[in-house]
Amino acid sequence: QVQLVESGGGSVQAGGSLRLSCVASGATYSSQCMGWFRQAPGKEREGVAAIFTRGGSTYYADSVKGRFTISRDNAKNTLYLQMNSLQPEDTAMYYCAADLGSPPVAPLLGYEYNYWGQGTQVTVSS
């Protein structure tokens, strides 16, 4: 079992920055990949960024490339999402997810992940 707890969300103005954190506990040693997803009201869940445990390869949605950075601190079992140049369209609930199965083929698709956090709200005003 893996437990994921997100934090760091909040309200910012357009152009601002936030850093989300996700602390993982449990069988994190078997995690193949971890990712950040978001869901805005009335919209489908969207994969934002993902990072592989082995090798550290990263993947980003086109909408956030160049603005968001995913990273992890294995010693602290913590996943981060640094979000810069935030825009109103980034407003959503952000979720951390972990894949403990086979390495994901499509790391930005939610079905690849076994465990999910409760989410942290990000609101960007214009």
Side-chain angles (χ1 to χ4, degrees):
Q1 291 290 331
V2 173
Q3 294 78 42
L4 304 172
V5 180
E6 305 96 333
S7 63
S11 298
V12 296
Q13 291 190 330
S17 298
L18 285 173
R19 187 176 81 156
L20 305 184
S21 299
C22 171
V23 177
S25 60
T28 56
Y29 61 85
S30 59
S31 172
Q32 298 283 357
C33 184
M34 295 190 72
W36 288 99
F37 292 77
R38 67 186 181 186
Q39 188 166 20
K43 295 188 176 181
E44 293 187 354
R45 183 177 59 194
E46 174 188 20
V48 175
I51 184 167
F52 277 76
T53 301
R54 296 177 179 83
S57 296
T58 57
Y59 297 80
Y60 295 94
D62 288 343
S63 58
V64 306
K65 279 181 183 176
R67 300 188 299 123
F68 290 11
T69 302
I70 189 171
S71 62
R72 61 187 297 165
D73 184 333
N74 290 332
K76 295 181 178 180
N77 282 338
T78 302
L79 180 73
Y80 300 101
L81 184 68
Q82 177 66 45
M83 305 186 295
N84 298 328
S85 301
L86 283 162
Q87 300 301 315
E89 52 265 35
D90 295 316
T91 295
M93 184 72 79
Y94 283 71
Y95 300 90
C96 170
D99 169 24
L100 270 66
S102 301
V105 175
L108 293 182
L109 294 183
Y111 74 84
E112 297 274 19
Y113 294 83
N114 316 96
Y115 296 93
W116 296 81
Q118 293 300 308
T120 186
Q121 178 68 37
V122 172
T123 303
V124 185
S125 58
S126 57

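Model, not experiment: these values are computed from the prediction.
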Crowding at CD, Gln118 (>12 non-hydrogen neighbours, <6.0 Å): no
Set of salt bridge (Lys or Arg N to Asp or Glu O under 4.0 Å) partners for Glu89, sequence neighbours left out: none
Residue pair Ala50 / Cys33: nearest heavy atoms and the distance that separates them: CB-SG, 4.0 Å
Heavy-atom pair with the smallest gap, counting every atom of Ala49 and Leu81: CB-CD1, 4.1 Å
Trace of the side-chain contact (heavy atoms from CB on, under 4.5 Å) decision for Tyr111 with Asp99: CA-CA 9 Å; Tyr111 74 84; Asp99 169 24; over 6 Å; no
Point-to-point distance, once rounded to the nearest 0.5 Å, from CD of Glu6 to CG of Leu20: 8.5 Å
Shared hydrophobic cluster, Leu100 / Met34 (ILVMFWY, side-chain heavy atoms < 4.5 Å): yes
Leu79 reachable from Trp116 in the ILVMFWY side-chain graph, under 4.5 Å edges: no
Gln87 and Arg67: CA distance, side-chain angles, deciding distance, side chain to side chain donor-acceptor pair (under 3.5 Å) verdict: CA-CA 10 Å; Gln87 300 301 315; Arg67 300 188 299 123; over 6 Å; no
Residue pair Gln32 / Pro103: nearest heavy atoms and the distance that separates them: OE1-CG, 3.6 Å
Gap separating the OH atom of Tyr59 from the CG atom of Leu109, nearest 0.5 angstrom: 12.5 Å
From OH (Tyr80) to CG (Asp73), nearest 0.5 Å: 5.0 Å
Cluster overlap Leu4 with Leu108, hydrophobic side-chain contacts below 4.5 Å: no
Within residues 47-126 or reaching into it, pairs that qualify as disulfide (SG to SG under 2.5 Å) - sequence neighbours excluded: Cys22-Cys96
Residues Ser17 and Asn84: side-chain donor-acceptor under 3.5 angstrom: yes
Distance, nearest 0.5 Å, that separates CH2 of Trp36 from OH of Tyr95: 12.0 Å
Co-membership, hydrophobic cluster, residues Tyr115 and Phe52, 4.5 Å side-chain: no
Residues in salt bridge (Lys or Arg N to Asp or Glu O under 4.0 Å) contact with Arg19, at least two apart in sequence or another chain: none
Any donor-acceptor N/O pair, Glu112 side chain to Ala106 backbone, under 3.5 Å: yes
Polar contact flag, side-chain donor to acceptor under 3.5 angstrom, Arg38-Thr91: no
Side-chain H-bond candidate by donor/acceptor type, Ser63 with Glu46, under 3.5 Å: yes
Inter-residue atom distance Ser126.OG - Gln13.CD, 0.5 Å rounding: 9.0 Å
Co-membership, hydrophobic cluster, residues Tyr60 and Val122, 4.5 Å side-chain: yes
Test side-chain contact (heavy atoms from CB on, under 4.5 Å) applied to Arg72 and Thr78, Thr53, Thr58, Asn77, the passing residue: Thr53
Polar side chain donor-acceptor pair, Gln3 to Ser25, under 3.5 angstrom: yes
Plane angle bin for Tyr113 and Phe37 - parallel if under 30°, tilted between 30 and 60°, otherwise perpendicular: perpendicular
Spacing of CE belonging to Met83 relative to CG belonging to Leu18, to within rounding of 0.5 Å: 4.5 Å
